[in-house]
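For reference, the structure is listed below as structure tokens.
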Amino acid sequence: MELFELYNEQNLPFWQTKVRSDVHRDGDWHRSTEVWVINQNQELLLNLRHPDKDLFANLWDVCIAGHLMPGENYRTAAIREVKEELGIQVPSSALHFVDVWTMDGFDAKTQSFDREFTGVFVWKTQLELSSFTPQAEEIAELKYVSLTEVRQMLENPGSGLSFIPMESIFLNMMDRIETTILPQL
């Protein structure tokens with residue numbers, strides 16, 4: 001049974017936990033982490049969510065992501081998620097913090113809410129796709145796609161890959177990453 005810590009709309013703790021399925025059913029605020037994996041060719045690692053996922057199944061995601069376990073911080077969760085989902089032990093120093101973003105999504109197919117405060121990181125890597133070992137129950141497919149192409153698809157939903165329906169949030173994150181993080185890397 002996976003438990004999430006609960007937060008109010010200002011990202012302040014309630015000091016309570018709740019079962020994952022109940023959190024998504026009730027629309028409770030909780031925390032997650034995202035790692036945007038970008039290679040030396042300015043390509044973003046995209047992943048197709050497994051068809052059995054409880055939220056946003058069979059949709060493309062722009063990052064490696066996961067929920068924080070009780071007592072965990074954003075960075076520790078990011079390192080854990082990369083290890084679990086890609087089979088790579090990324091050093092903490094390789095993760096570049098962007099910000100904490102508010103994600104407020106709804107999965108119409110499952111009638112589930114996804115209200116999260118997400119710690120966003122960038123990992124600039126030279127690893128090829130063949131270096132990753134995707135977690136079978138989480139990821140159906142991985143691919144690198146140029147940042148330009150990803151932006152075009154997010155700006156024009158239905159014109160390419162089907163993404164989690166938070167395109168405007170992803171575009172805002174992309175803007176921030178491209179203007180403040182990537183020039184430093």
Side-chain angles (χ1 to χ4, degrees), residues 7 11 30-50 53 55-56 59-69 71-105 114 116-135 138-157 159-185:
Y7 294 83
N11 197 15
H30 54 289
R31 287 182 175 173
S32 66
T33 191
E34 291 186 358
V35 179
W36 290 53
V37 182
I38 301 173
N39 70 12
Q40 69 278 5
N41 299 320
Q42 299 297 89
E43 295 172 320
L44 182 63
L45 183 67
L46 303 179
N47 70 86
L48 180 61
R49 293 172 61 84
H50 192 276
K53 292 292 293 171
L55 283 172
F56 307 118
L59 294 176
W60 286 91
D61 201 346
V62 296
C63 58
I64 300 304
H67 296 98
L68 273 64
M69 295 188 301
E72 195 172 35
N73 65 46
Y74 290 117
R75 183 172 294 274
T76 303
I79 292 166
R80 177 181 50 78
E81 287 296 333
V82 171
K83 177 69 174 160
E84 289 175 1
E85 295 190 11
L86 297 179
I88 300 291
Q89 184 66 48
V90 63
S92 178
S93 60
L95 296 178
H96 303 277
F97 181 70
V98 179
D99 207 345
V100 174
W101 288 77
T102 302
M103 307 287 287
D104 192 354
D114 197 23
E116 303 174 342
F117 296 103
T118 303
V120 179
F121 297 86
V122 170
W123 174 31
K124 186 83 182 244
T125 183
Q126 295 185 21
L127 293 175
E128 301 293 328
L129 277 180
S130 60
S131 301
F132 302 122
T133 306
Q135 185 179 15
E138 295 282 332
I139 297 173
E141 183 181 346
L142 287 174
K143 66 167 64 182
Y144 275 121
V145 177
S146 76
L147 289 169
T148 303
E149 289 177 72
V150 172
R151 178 178 293 285
Q152 290 169 349
M153 288 186 278
L154 290 171
E155 288 174 342
N156 302 290
S159 65
L161 302 176
S162 296
F163 287 94
I164 293 172
M166 290 192 232
E167 294 91 348
S168 62
I169 295 170
F170 294 152
L171 284 165
N172 286 336
M173 286 181 189
M174 251 182 123
D175 287 343
R176 180 79 171 277
I177 289 167
E178 288 180 314
T179 59
T180 64
I181 302 298
L182 289 181
Q184 300 173 26
L185 302 179

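Just so it is clear, the structure is predicted and the values come from calculations on it, not from any experiment.
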Ignoring hydrogens, what is the shortest heavy-atom contact between Thr76 and Asn73? Give both atom names and the distance. N-OD1, 2.7 Å

Do Lys124 and Gln42 have side-chain atoms, one donor and one acceptor, less than 3.5 Å apart? yes

Nearest heavy-atom contact between Arg49 and Leu55 is NH2-O, 2.7 Å

Of all the heavy-atom pairs spanning Ala65 and Glu81, show the shortest one and how long it is. O-OE1, 3.3 Å

Quick one, Leu147 and Met174 - any side-chain contact, counting heavy atoms below 4.5 Å? yes

Determine whether Trp36 and Val98 make a side-chain contact, defined as any pair of heavy atoms from C-beta on separated by less than 4.5 Å. no

Of the options Glu84, His50, Lys53, which is the one that meets Glu138 in a side chain to side chain contact (heavy atoms under 4.5 Å, CB included)? Lys53

Applying side-chain contact (heavy atoms from CB on, under 4.5 Å), run through Phe132 and Leu142 and close with a yes or a no. CA-CA 9 Å; Phe132 302 122; Leu142 287 174; 3.8 Å; yes

State the OG-OH distance between Ser32 and Tyr74, to the nearest 0.5 angstrom. 7.5 Å

Under 6.0 Å from the CD atom of Glu128, do we count more than 12 heavy atoms belonging to anything else shown? no

Side chain proximity check, Trp123 to Val82, heavy atoms < 4.5 angstrom: yes

Trace of the side-chain contact (heavy atoms from CB on, under 4.5 Å) decision for Asp61 with Ile139: CA-CA 10 Å; Asp61 201 346; Ile139 297 173; over 6 Å; no

Given 3.5 Å as the limit, does a donor-acceptor pair link the side chain of Arg31 with the main chain of Glu72, or not? no

Applying side chain to side chain contact (heavy atoms under 4.5 Å, CB included) between Ile64 and each of Val90, Asn47, Ile88, report the one that passes. Asn47

Separation between OG1 (Thr125) and CG (Leu185), nearest 0.5 Å, reads 11.5 Å

Worked verdict on Lys143 versus Leu48 for side-chain contact (heavy atoms from CB on, under 4.5 Å): CA-CA 9 Å; Lys143 66 167 64 182; Leu48 180 61; over 6 Å; no

Does the Asn41 side chain pair with the main chain of Glu43, one donor and one acceptor, at a distance under 3.5 Å? no

Heavy-atom side-chain proximity of Ile177 to Leu182 below 4.5 angstrom: yes

Shortest non-hydrogen separation from Leu127 to Tyr144 and the atoms involved: O-OH, 2.9 Å

Spacing of Ser92 atom OG and Arg75 atom CZ [to the nearest 0.5 Å]: 4.0 Å

Atom pair OG1 (Thr118) and NE2 (His67), whose distance is rounded to the nearest 0.5 Å: 8.0 Å

Compare all side-chain heavy atoms of Glu116 with those of Tyr7 and state whether any distance is below 4.5 angstrom. no

Could you check whether any side-chain heavy atom of Phe121 comes within less than 4.5 Å of a side-chain heavy atom of Ile181, counting everything from C-beta outward? no

Less than 4.5 Å apart, side chain to side chain, heavy atoms only: is that true for Met173 and Met103? yes

Pro165 versus Leu59, closest heavy-atom pair with distance: CD-CD1, 4.0 Å

Could you measure the distance from the CD atom of Glu141 to the CG atom of Leu46? Nearest 0.5 Å is fine. 9.5 Å

Taking all non-hydrogen atoms of both residues, which atom of Pro183 and which atom of Glu178 are closest, and how far apart? CD-O, 3.3 Å

Hey, mind stepping through Met166 and Asp104 against side-chain contact (heavy atoms from CB on, under 4.5 Å) and telling me if it holds? CA-CA 8 Å; Met166 290 192 232; Asp104 192 354; over 6 Å; no

Is the closest side-chain heavy-atom distance between Val62 and Ile164 below 4.5 Å? no

From Met153 CE over to Leu161 CG, what is the distance, rounded to the nearest 0.5 angstrom? 4.5 Å

